[in-house]
Amino acid sequence: MDRMNFHVMTLFPEMIEQGLSTSILGRAMERGLISLNAVNIRDYSLDKHRRVDDYPYGGGAGMVMTADPVVRCCRAIQEKIAGEGRKKPRVIYLTPQGRVFRQSMAQELAQEGELIFLCGHYEGIDERALELIVTDRVSIGDYVLTGGELPVMVMIDVIARLVPGVLNNQESPEFETFHDNLLEYPQYTRPELYEGMRVPEVLLSGHHARIEEWRRRQSILRTDAVRPDLMEHAVLSKKEQRFYREMRDRAET
Ligand code: 6GU
């Protein structure tokens, strides 16, 4: 069985469940290709008021999530996995202090059969809990969110669509943005003429090779315009390299 199992430790499990249960991922869950287990960290608090946070040692603004509920929650998930005879999964902590998530990291993580995610809130989690259980720290970009819930939904969406069978074959992940490190070409559908704007003639030609060449060139032009950082790693044919060089030379003069 090669179903991919996602476990999420969070204070807001219903947010994760609702966010990921519609559309393509919802269908993938119904078909048994992926599973989602959102676990409430609060259920593992031994405090009589079910508290999961406290004041930071050393002072400062806000509250810190206490170590014990997080560690006990993680161990409960790990024990369940071990009991079912599966290997110990990576534990990913969502934090702006982590390595930045990219498509290449998603491809690597999609090879795992199972992943555990940990969402923090408030000013973070007691570092000792992180030292005990976390194997990877991941950020989704250079901005600050209120918690790890939106980032974990982003990560699961990106990883799940790489699991075989989740997308149908028409929407294979090989033919899209970041394939060869290029952005996608522009798309058009009917009508042929909209508010005076025509669909590019080549797309109506039925000439497959010319359409393919036009699309690749559009991808190169777009990537160079908005994400020149990606161009360094772009995978281009000899002919495309020549096109790109000539385009840059024209731009310089
Ligand atoms: Cl993973 N968490 C939070 N709170 N903010 C972020 C982030 C993660 N990635 C970017 N900003």
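Just so you know, these numbers use all the heavy atoms, side chains as well, and skip hydrogens, waters and symmetry mates. Counting starts at 1 for both ligands and their atoms, following the listed order.
The nearest non-hydrogen atom to atom 10 (C) of ligand 1, considering only Pro151, Gly147, Pro96, Gly141, comes from Gly141.
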Assess whether salt bridge (charged side-chain N to carboxylate O under 4.0 Å, His left out) is satisfied between Glu213 and Arg217, documenting all intermediate values. CA-CA 6 Å; Glu213 181 183 62; Arg217 289 183 171 193; 3.7 Å; yes

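Less than 4.0 angstrom separates some heavy atom of Val138 from each of these atoms of ligand 1: 1 (Cl). Remark: ligand 1 atoms within the under-4.0 Å shell around heavy atoms of Ile140 are 9 (N), 10 (C).
Atom CD of Glu192 has 12 or fewer heavy atoms from other residues, nucleotides or ligands within 6.0 Å.
One N or O on the side chain of Asp126 and one on the backbone of Arg128 form a donor-acceptor pair closer than 3.5 Å. In terms of modelled atom types and a separation under 3.5 Å, the side chain of Arg222 and the main chain of Glu184 share a donor-acceptor contact.
At the shortest separation from atom 1 (Cl) of ligand 1 among protein heavy atoms lies Thr95 N, 3.1 Å. Among protein heavy atoms, the minimum distance from atom 4 (N) of ligand 1 is reached at Leu145 O, 3.1 Å. For atom 11 (N) of ligand 1, the closest non-hydrogen atom of the protein is Tyr143 O, 2.5 Å.
Remark: of the listed residues Arg86, Lys87, Lys88, Arg86 is the sole one forming a salt bridge (charged side-chain N to carboxylate O under 4.0 Å, His left out) with Glu114.
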